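The analysis underlying the following values was restricted to heavy atoms, covering all of them including side chains, and did not include hydrogens, waters or symmetry mates. Being a predicted model, the structure only gives us computed values, none of them experimental. Sequence lines set the chain letters: A, B, ... in the order given, protein chains first and strands last, and positions in each chain run from 1.
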There are 2 protein chains.
Amino acid sequence: MTDCFACENTNCLIKKNLKNPKIEKYIVEKHNIKCKKAQQFIMEGAPAHGLFFVRKGQVKVVKTGIYGREQIVRFAHDGEIIGHRGFGAGKNYPIGALAIKETFLCNFTNEVMVKMLRDVPELTFDMMLFYSEELNRSETKVRKFAQMTVREKVIDSFLYINRKFGQSEDGFFNIQLPRKDFADFAGTTEEQVIRIISSLKKESLLKSKGKKIGIANISLLKKEISEHNYFLDS
Amino acid sequence: MTDCFACENTNCLIKKNLKNPKIEKYIVEKHNIKCKKAQQFIMEGAPAHGLFFVRKGQVKVVKTGIYGREQIVRFAHDGEIIGHRGFGAGKNYPIGALAIKETFLCNFTNEVMVKMLRDVPELTFDMMLFYSEELNRSETKVRKFAQMTVREKVIDSFLYINRKFGQSEDGFFNIQLPRKDFADFAGTTEEQVIRIISSLKKESLLKSKGKKIGIANISLLKKEISEHNYFLDS
DNA sequence: GCTTAAAACTGTCTTTTAGCAGTTTTGAAA
DNA sequence: TTTCAAAACTGCTAAAAGACAGTTTTAAGC
């Protein structure tokens, strides 16, 4: 079993609370899971069997929407929590989750998790703040979806991907996503994404080569949406 | 000062935790506030000075959006929390809040609130679950905004208002909102809301008289959006 | 019961976006 | 290197939604 003490994900809430000796008897209950590329490890609607932490990898969180359309709720990578909403309210996961590339996960069952939270209030407090931040992000996203044009939403998605995963030296994102995924994340169609990519290329704000996409001029791209959107930060 | 022990809001998280004697020294620090109709008690962007609970009344939570458009984030009434996002992440309120009619509020400063949470882990746990549910609702709303038509979003808003505030004997909602507010909540324009109201009246799904709106046929109205939206519940 | 400003409503026009039907390109596997 | 299915792309059309300019109705105060 992987050792939390040796783990490098300092943003992980478990890692942050390791100094508390009470936590030790719970982390030995942790399960390690390895997912291949494209493998789904949370099924939407299935009974919740606990919380996942991404030890290393890339994950997308999806939700089946209206007319069977897929909505990508968020992306996650090292140290982040997945499946935190199968917790509390319902007994079933409201979302699905799948690995974008080979991913290593840590899993705690709901029982272990609840016991741990009851026993380590600092962890509960951190979890509460985590939810609070997620809520912030989500409500900002509601506003974006309610008010941005498709072009703005797509640009915003690129900026999000860039903030989250960054670009490598060749100037392309450190994550490979098909156009359809950008559409499902931005809340539009594949065709619109394609059209917007090509017009952004013409304006030298974006670069792309095959599947790969990268930002060519970040400040100008930000300006495209910041003109009228002063404080959108999620 | 109003007495939490005499309060009837059983859904209030403070009320739920009154059995814990540790909480008593914090609830004496509570402030009572009375708001007139249309009075704003949280300013968007202002430094957060604590958490509010609605003791009695009706509140709308708003956020200034793109091009100065207003987005109504949610409505709240007796027992509900307001301003919980000035907590944790930022020091400023990301939202504004104002009374729809005369409203009585309970207010705890951030310092008192944090001390209370540190001292009463059960309250922190409840707060965590509260945030989790809010997150659920918010993410469902993202999906709605991404995928529903304007007509569906407006109908969905009426159903939400009905679930939350109900109708009185005369068959109209127990809350009076101008068309503009429905538009700001549903993420569309006033004109669209008006058009949709009038077509829903023709179809005998809705009734309205002046400002007042009510649902005439709830099951048929639900059917209008449930056809393709199996599990939208927020 | 008048008066009047605000809110509700209506018709028309324009823009935006989605959907469809195809063609071209890409990149992985034989 | 060739093959071929999937992904990316393009042009066209229809539908949805927003914006504008006005008219009508409402309800609150005199």
Side-chain angles (χ1 to χ4, degrees), chain A residues 36-38 65-71 100-101 144-158 170 172-173 175-202 206-214 224-225 228, chain B residues 36-38 65-71 100-101 144-158 170 172-173 175-202 206-214 224-225 228:
Chain A
K36 285 182 220 155
K37 184 175 174 171
I66 296 154
Y67 304 94
R69 269 176 68 179
E70 191 172 85
Q71 168 71 33
I100 291 168
K101 62 177 192 183
K144 284 175 181 171
F145 274 39
Q147 301 183 338
M148 278 186 171
T149 64
V150 168
R151 182 185 159 101
E152 289 169 329
K153 288 190 287 185
V154 171
I155 291 176
D156 188 70
S157 303
F158 290 141
D170 61 3
F172 294 112
F173 293 141
I175 185 173
Q176 273 222 13
L177 296 170
R179 307 291 193 255
K180 180 69 165 55
D181 278 8
F182 282 105
D184 289 342
F185 184 67
T188 182
T189 58
E190 188 183 345
E191 292 94 326
Q192 296 295 339
V193 170
I194 289 167
R195 274 181 247 276
I196 288 158
I197 289 175
S198 74
S199 70
L200 289 175
K201 276 175 79 171
K202 274 189 201 123
L206 215 70
K207 52 186 283 194
S208 81
K209 189 162 195 296
K211 277 191 206 311
K212 289 179 288 187
I213 296 174
E224 281 289 310
I225 56 163
H228 304 93
Chain B
K36 286 182 223 158
K37 184 174 174 173
I66 295 154
Y67 303 96
R69 269 176 67 177
E70 190 172 85
Q71 168 70 32
I100 291 168
K101 62 176 190 184
K144 285 175 181 170
F145 274 40
Q147 301 183 335
M148 278 186 172
T149 64
V150 167
R151 183 185 158 101
E152 289 169 331
K153 287 190 286 185
V154 171
I155 291 176
D156 189 71
S157 302
F158 290 140
D170 60 2
F172 294 112
F173 294 141
I175 184 174
Q176 271 222 15
L177 296 169
R179 309 290 194 253
K180 180 69 167 53
D181 278 8
F182 282 105
D184 289 341
F185 184 68
T188 182
T189 59
E190 188 183 345
E191 292 95 325
Q192 296 294 340
V193 169
I194 288 167
R195 273 181 244 278
I196 288 157
I197 289 174
S198 75
S199 70
L200 289 174
K201 274 177 78 172
K202 275 190 200 123
L206 215 70
K207 52 186 282 194
S208 81
K209 189 161 194 297
K211 277 190 208 309
K212 289 180 286 185
I213 296 174
E224 281 289 310
I225 55 162
H228 304 94

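- Here the side chains of A/E152 and A/D156 are not in contact, with every heavy-atom distance at 4.5 Å or above.
- For A/K212, there are no side chain to side chain donor-acceptor pair (under 3.5 Å) partners two or more places apart in sequence or in a different chain.
- The interatomic distance linking B/K209 (NZ) with C/dA7 (P) rounds to 19 Å, in whole Å.
- If you measure from atom CZ of A/F145 to atom C1' of C/dT17, you get 15 Å, rounded to the nearest angstrom.
- In this structure, CD of B/Q147 is placed 15 Å from C1' of C/dT17, rounded to the nearest angstrom.
- Residues B/F185 and B/L177 are not in side-chain contact: their nearest non-hydrogen atoms beyond the backbone lie 4.5 Å or more apart.
- Under a 3.5 Å cut-off, the side chain of B/Q192 and the backbone N or O of B/T189 do not form any donor-acceptor pair.
- The distance from atom CZ of B/F182 to atom P of C/dA8 is 10 Å, rounded to the nearest whole Å.
- Rounded to whole angstrom, the span from the NZ atom of A/K212 across to the C1' atom of D/dA7 amounts to 15 Å.
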Summarise protein proximity over nucleotides 9-20 of chain D in one line of letters, 5' to 3': B for base, S for sugar-phosphate only, - for none, counting protein heavy atoms closer than 4.0 Å. BBBB----SBBB

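- In this structure the side chain of A/E224 reaches within 4.5 angstrom of the side chain of A/R151, judged on heavy atoms.
- When all heavy atoms are compared, the tightest approach of A/I225 to A/M148 is CD1-CE, 4.4 Å.
- Taking atom CD1 on A/I196 and atom C1' on C/dT17, their separation rounds to 10 Å, with Å as the unit.
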